[in-house]
Amino acid sequence: MIKIEYGAWVSGFQAERERRAALGDPDWGKGARLPAEIVRSIQKFQVGEDGDGSALSGKADLAGDPVYSEAVRLFIAEEQNHARMLKLLLAAGGAGTLDGHWSDATFVRVRRLLGLRVELLVLMIAEVVALGYYRALRDGVADPLASEVAGRILADEERHVPFHCLRLREGLAGLPRPVRRAVTCGWRGLLAGAAVLVAVDHGPALRTLGVGRGAFVAQTLRSSAWMARAMSGGPVPAPAVAGTVAVLRDLNEFGVSRDRLRSRRGAFRPKA
């Protein structure tokens with residue numbers, strides 16, 4: 001039974017839905033000029049964002065809190081919106097979507113093995129990798145439409161991570177401290193492996209975006225440190241400020257100015 005009040009998260013998701021509706025979609029009509037390696041990379045991430053979320057929502061229902069279940073459904077709707085925007089971005093660039101990809105199929109199979117806690121731990125790996133990817137795409141791609149879409153998705157992902165950290169903190173709270181530490185250390189180890197796979201699979205695109213493979217993996221691991229602490233019982237940003245806190249944390253943690261973070265040769269400078 002979930003004990004934490006998730007009403008504030010429901011309100012946050014609803015407010016964001018209203019903000020998106022008022023803002024409207026990007027201007028797909030202006031088209032997109034995307035290199036072939038970027039197209040292939042976006043196609044793979046689009047597959048990962050797509051899905052009905054039925055397994056996750058079903059496990060959330062079993063947790064026994066209808067407010068949390070509603071928050072999960074609003075989260076799923078945002079992920080589906082990401083898939084929709086990426087599909088339209090690809091169409092604006094004259095490309096289609098993929099029917100599937102091995103990396104997404106693997107994540108889905110592992111996520112569905114056990115209960116909600118395992119589902120969220122595996123989902124969090126994908127979410128944290130996505131943070132680094134969409135940040136690199138936003139800051140490194142030359143096409144303004146692609147940069148805008150990546151920025152919108154990144155802002156959502158920065159809110160999603162604290163939401164899942166909060167639930168995992170509660171889910172792990174009943175375990176002894178050493179066991180919680182072992183779980184989060186193991187999670188970071190799996191995250192490292194996933195980041196390496198993504199860096200290899202998307203290497204040509206990352207290079208075009210000005211991101212070295214090693215830099216991508218290293219920053220993914222650095223960015224996960226506060227998440228592991230949060231899951232183990234540390235503080236989690238409130239829903240109203242989660243996105244802002246994430247941005248400021250990126251700037252402070254890596255000692256990077258806002259201008260430099262947005263530069264193609266900034267935080268993800270490739271090795272010569």
Side-chain angles (χ1 to χ4, degrees), residues 32-51 79 82-111 122-143 145-158 160-161 188-224 250 254 261-272:
R33 295 173 62 98
L34 302 171
E37 62 273 16
I38 299 296
V39 169
R40 289 191 293 270
S41 180
I42 292 175
Q43 286 173 326
K44 295 172 187 177
F45 266 84
Q46 194 276 338
V47 172
E49 298 280 4
D50 203 9
E79 293 291 303
H82 298 171
R84 182 188 68 87
M85 287 197 297
L86 292 175
K87 180 178 180 178
L88 291 171
L89 172 62
L90 289 166
T97 58
L98 303 178
D99 292 331
H101 189 255
W102 66 266
S103 58
D104 177 63
T106 300
F107 269 106
V108 170
R109 289 193 186 98
V110 174
R111 280 170 50 188
V122 178
L123 175 61
M124 274 286 289
I125 291 175
E127 294 282 283
V128 178
V129 170
L131 285 176
Y133 176 79
Y134 289 120
R135 185 176 295 112
L137 184 62
R138 179 198 66 183
D139 297 338
V141 71
D143 181 77
L145 181 61
S147 181
E148 179 184 354
V149 171
R152 291 190 184 204
I153 295 175
L154 177 61
D156 287 344
E157 300 292 5
E158 286 172 337
H160 294 170
V161 166
R188 293 190 78 195
L190 292 173
L191 172 64
V196 169
L197 288 176
V198 170
V200 171
D201 193 28
H202 295 260
L206 291 173
R207 177 64 62 177
T208 297
L209 297 173
V211 182
R213 289 185 175 96
F216 179 84
V217 174
Q219 179 157 336
T220 299
L221 285 179
R222 284 197 298 268
S223 71
S224 70
D250 287 337
F254 304 117
L261 182 66
R262 296 186 66 85
S263 169
R264 293 189 65 182
R265 297 178 59 82
F268 291 110
R269 188 183 303 276
K271 295 181 179 180

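Since this is a predicted model, take the numbers as computed values, not measurements.
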Out of curiosity, [X] [atom1] to [Y] [atom2], how far, rounded to the nearest 0.5 Å?
{"X": "Leu34", "Y": "Ser41", "atom1": "CG", "atom2": "OG", "result": "10.5 Å"}
{"X": "Tyr133", "Y": "Leu154", "atom1": "OH", "atom2": "CG", "result": "12.5 Å"}
{"X": "Lys44", "Y": "Leu98", "atom1": "NZ", "atom2": "CG", "result": "8.0 Å"}
{"X": "Leu88", "Y": "Leu145", "atom1": "CG", "atom2": "CG", "result": "9.5 Å"}
{"X": "Gln46", "Y": "Thr97", "atom1": "CD", "atom2": "OG1", "result": "5.0 Å"}

Hey, can you pull the donor-acceptor pairs under 3.5 Å for the side chains in residues 122-132, sequence neighbours left out?
| residue | atom | partner | partner atom | Å |
| --- | --- | --- | --- | --- |
| Glu127 | OE1 | His160 | ND1 | 3.4 |

I'd like to check [X] versus [Y] (side-chain heavy atoms, cut-off strictly below 4.5 Å). Are they in contact?
{"X": "Ile42", "Y": "Val149", "answer": "no"}
{"X": "His82", "Y": "Glu79", "answer": "yes"}
{"X": "Arg152", "Y": "Asp156", "answer": "no"}

*For Met85 and Leu89, run side-chain contact (heavy atoms from CB on, under 4.5 Å): C-alpha distance rounded to whole Å, both residues' side-chain angles, the deciding distance at 0.1 Å, then the answer.*
CA-CA 6 Å; Met85 287 197 297; Leu89 172 62; over 6 Å; no
_Once you measure the plane-to-plane angle for Tyr134 and Phe45, does it fall in the parallel (<30°), tilted (30-60°) or perpendicular (>60°) bin?_
perpendicular
For the student: nearest non-hydrogen atoms of [X] and [Y], plus distance:
{"X": "Gly212", "Y": "Arg207", "value": "CA-NH2, 4.4 Å"}
{"X": "Val141", "Y": "Ser147", "value": "CG1-N, 3.5 Å"}
{"X": "Gly151", "Y": "Arg138", "value": "CA-CD, 3.8 Å"}
{"X": "Ala205", "Y": "Ile38", "value": "O-CD1, 3.7 Å"}

*List the steps, then state whether side-chain contact (heavy atoms from CB on, under 4.5 Å) holds for Lys87 with Arg84.*
CA-CA 5 Å; Lys87 180 178 180 178; Arg84 182 188 68 87; 5.7 Å; no
*Would a distance-only check, ignoring hydrogens and angles, find a side-chain to backbone donor-acceptor pair under 3.5 Å from Arg33 to Asp143?*
no
*Determine, using ring centers only, whether Phe216 and His202 are less than 6.0 Å apart.*
no
*Salt-bridged, Arg135 to Glu157, with N to O below 4.0 Å?*
no
_Which residues pass the side chain to side chain donor-acceptor pair (under 3.5 Å) test with Arg213, not counting sequence neighbours?_
none
*Please test Ile153 against Leu137 for side-chain contact (heavy atoms from CB on, under 4.5 Å), starting from the C-alpha separation and ending with a verdict.*
CA-CA 11 Å; Ile153 295 175; Leu137 184 62; over 6 Å; no
